[in-house]
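The first residue of the sequence shown is numbered 1, and numbering continues consecutively from there. FYI, side chains are in, hydrogens and waters are out, and symmetry mates aren't considered; it's all heavy atoms of this structure.
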Amino acid sequence: MKETGKKIGRGLVLMLMLAAMASMTVLAADGDAPAPAMYATFASLVPPVVAIVLALITKEVYSSLFVGILVGGLFYSGFQFEGTVTHIFENGFIAVLSDGYNVGILIFLVILGAMVSLMNRAGGSAAFGRWAKEKIKSRAGAQLSTIVLGVLIFIDDYFNCLTVGSVMRPVTDRHNVSRAKLAYLIDATAAPVCIIAPISSWAAAVTGFVEGEDGFSIFIRAIPYNFYALFTIAMMIILVVMKFDYGPMAAHEKNAMKGDLFSTGKKEEKEVEVETANPNGKVMDLVVPILVLIICCIVGMIYTGGFFSGADFVTAFSNSDASVGLALGSFFAMVITIIFYSVRRVLGFTDCMACLPNGFKAMVPAILILTFAWTLKAMTDSLGAAEFVAGAVEQAAGGLMNLLPAIIFLVGCFLAFATGTSWGTFGILIPIVVAVFEKSDPQLMIISIAACMAGAVCGDHCSPISDTTIMASAGAQCDHVNHVTTQLPYVITVAAVSFVTYLLAGFVKSVWITLPVGLALLVGVLLIIKNNQRKKNM
């Protein structure tokens, strides 16, 4: 604790020194507009970089995010006290918490937390754990089951993270799989699966960014070139089958096999979700609510897309509002679940109502981090990060056509990592790609759009301030910084292989050559890593 405090102190002092130095070189600007010297420059990406670096150094998320927000506010106001404070609160915290989309996601989070609490208290989770103990006999089986469930729940990444986490935690705990490994499996089957699923909220988002083209058709054609998503799924399976881990994850898994699922020394974390469960609960008390939740969320999303007003299913999904649809779907699923438990008499109405505040409490850490992350993104947006990146990509497009898919992949990775949003990255890069390649090279346009999506998912996957990463930590009930640091080497491995594959794709332009080569390269890299580990352990 003392060492962590020193690190936090050093980080804060460093930030104050940087702020003081910058204040001597930047002219004060009007509080209603960003400082001219800072707008649409690399400085627009400094706040999230500061937050991420501090989080990785200090292992403390809340203060790191706040320091990043503070730096963004200082840059925007030209280091004026009043302008900084008003920008952080009016255009930051208050703005993001009054945004309809964000509020819908928070409602969905709270309701899902309540449903998890209901399923635990009804005894459904415990019953599923007893059933799984008989059916799933090994650690590999527990991990593969998590992957399969994550792939099957492809509707939305938020829904995926929390649902898979609540269902599989008892199973992976029983087989001594570390919470960090569970968080990685959840995270790696969330965004990477959603981005290659035609019927998902992510497909709808990408389709909306391709203006002047058949967005859905382009999305389908780009799936085989979405190397990062495909290789991530392949990597999870390879790691489980080959029974090895590397980097910080290896230490977590080694400790988990000895009974320490957290590798943090915080024994009380194991008791976070302890509730008085009904000993008469059955597997159906978990399965039925989950199925109802899936069905209701699908109905809620196509409802917002106009399905019941005459639109076909695919069009309705493409036009859906994930925030409203998930909030509506989860609410009706919760009502049906309460009725179901009351009829089965596994929970009384009073017990059901007691689960509502418990579910809210369980989601408070995720809600706090999300609020800070959204506010940090608001600071970044106000400094013109989108304009800076768009200008940089357009300048690079000139004489580097065949290298552009690989370059776009890297830009997408960095932008999504720094801002914590993949959808925002789509919105910035995809229109640029369409404008550059629409008439000159349609096939390279498809590959480059896939590179946009792959880079955005890669950056989002490993960013500490990404909402999906936060949800995965919440779903696994894993320390957030532990999750980020343990999965980072895995993400970097897949990203490196994907980058090389995009270099090849820019020239070959054939998925039948590039995809097998990329998969072979991934397997080869993992075999080399495993062999090096074996030599070190000898």
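The distance from atom OG of S44 to atom CZ of F75, rounded to the nearest 0.5 Å, is 10.0 Å. The distance from the CD1 atom of I465 to the CG atom of D460 is 10.0 Å, given to the nearest 0.5 Å. Taking CD1 of I408 as the reference point, atom CG of L415 lies at 12.5 Å (rounded to 0.5 Å). L356 CG to L118 CG: the interatomic distance, rounded to the nearest 0.5 Å, is 6.5 Å. Summarising the geometry, atom CG belonging to L97 is positioned 11.0 Å from atom CZ belonging to F89; distances are rounded to the nearest 0.5 Å. Taking CG from L74 and CD1 from I69, the interatomic distance works out to 12.0 Å, rounded to the nearest 0.5 Å.
Residues S178 and A256 share a closest heavy-atom pair of N-CB, 3.5 Å. A188 and M236 get closest at one heavy-atom pair: CB-SD, 3.3 Å. Nearest heavy-atom pair across S382 and Y39 is O-CE1, 3.5 Å. Of all heavy-atom pairs between M353 and I338, the closest is CE-CD1, 3.6 Å. Pairing each heavy atom of C478 with each of A183, the nearest pair is CB-CB, 4.1 Å. Closest non-hydrogen pair, G165 versus I186, comes out as CA-CD1, 3.6 Å.
Take H175 and apply the side chain to side chain donor-acceptor pair (under 3.5 Å) test, not counting sequence neighbours, and it matches no residue. Taking V283 as the reference, A127, F128, W131, V287 meet the side-chain contact (heavy atoms from CB on, under 4.5 Å) condition, with sequence neighbours excluded. The side chain to side chain donor-acceptor pair (under 3.5 Å) check on S330 picks up nothing, with sequence neighbours excluded. A search for side-chain contact (heavy atoms from CB on, under 4.5 Å) contacts involving A333 returns M115, V292, L293, C296, not counting sequence neighbours. The side-chain contact (heavy atoms from CB on, under 4.5 Å) check on I492 picks up L488, with sequence neighbours excluded. Scored by the side chain to side chain donor-acceptor pair (under 3.5 Å) test, T189 finds no partners at all (sequence neighbours excluded). Every residue meeting the side-chain contact (heavy atoms from CB on, under 4.5 Å) condition with V96, not counting sequence neighbours, appears here in chain and number order: N102, W374, T375, A378. Residues passing the side chain to side chain donor-acceptor pair (under 3.5 Å) test with Y490, sequence neighbours excluded: D245. Judged as a salt bridge (Lys or Arg N to Asp or Glu O under 4.0 Å), and not counting sequence neighbours, R174 has no contacts.
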**Prompt:** So I298 and F313, side chain to side chain contact (heavy atoms under 4.5 Å, CB included) or not? Walk me through it.
**Reply:** CA-CA 10 Å; I298 292 175; F313 186 86; 4.3 Å; yes
**Message:** Let's go through T468 and V457 carefully: what are the C-alpha distance in whole Å and the side-chain angles of both, what is the deciding distance for side chain to side chain contact (heavy atoms under 4.5 Å, CB included) to 0.1 Å, and is it a yes or a no?
**Reply:** CA-CA 10 Å; T468 311; V457 168; over 6 Å; no
**Message:** Quick one, M119 with I290, criterion side chain to side chain contact (heavy atoms under 4.5 Å, CB included). Give me CA distance, side-chain angles, the key distance, then yes/no.
**Reply:** CA-CA 9 Å; M119 290 185 286; I290 292 293; 4.0 Å; yes
**Evaluation steps, side chain to side chain contact (heavy atoms under 4.5 Å, CB included), between I196 and M453** = CA-CA 9 Å; I196 57 173; M453 295 188 287; over 6 Å; no
**Message:** Under the criterion ring pair (Phe, Tyr, Trp, His ring centres under 6.0 Å), I'd like the reasoning laid out for F93 against F372: C-alpha separation, chi angles, the key distance, then a yes or no.
**Reply:** CA-CA 8 Å; F93 288 108; F372 277 113; 5.6 Å; yes
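No donor-acceptor pair closer than 3.5 Å links the side chain of R179 to the backbone N or O of D479. The backbone N or O of M249 sits nowhere less than 3.5 Å from a side-chain atom of T486 that would complete a donor-acceptor pair. R169 contributes a side-chain N or O that, together with a main-chain N or O of G475, makes up a donor-acceptor pair within less than 3.5 Å. Listed for the T469 side chain is a donor-acceptor partner under 3.5 Å among the backbone atoms of S463. With hydrogens and angles ignored, the 3.5 Å screen pairs a side-chain donor or acceptor of D285 with a backbone N or O of K282. A donor-acceptor pair is defined here as one N or O able to donate and one able to accept, closer than 3.5 Å; such a pair exists between the side chain of T304 and the backbone of M301.
Looking at heavy atoms from C-beta onward, F332 lies out of side-chain contact with I295 at the 4.5 angstrom threshold. Contact of the V481 side chain with the P464 side chain is not registered, since no non-hydrogen atoms from C-beta on lie closer than 4.5 Å.
When each of I111, V110, I339 is paired with M334, the side chain to side chain contact (heavy atoms under 4.5 Å, CB included) condition holds for I111 and for no other. When each of L261, V240, T172, V171 is checked for a side chain to side chain contact (heavy atoms under 4.5 Å, CB included) with V177, only T172 meets the rule.
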Side-chain donor/acceptor pairs under 3.5 Å, residues 145-152, sequence neighbours excluded:
residue	atom	partner	partner atom	Å
S145	OG	G141	O	2.7
T146	OG1	A142	O	2.9

Listed pairs under 3.5 Å, donor-acceptor, residues 227-234 side chains, sequence neighbours left out:
residue	atom	partner	partner atom	Å
Y228	OH	H461	ND1	2.7
T232	OG1	Y228	O	2.7

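The environment of CZ in F340 is crowded: more than 12 heavy-atom neighbours from other residues, nucleotides or ligands sit within 6.0 Å.
In this model, a donor atom of one side chain and an acceptor atom of the other lie less than 3.5 Å apart for T84 and S77.
Each side chain to side chain donor-acceptor pair (under 3.5 Å) pair with one or both residues in residues 345-356, not counting sequence neighbours, would appear here, but there are none.
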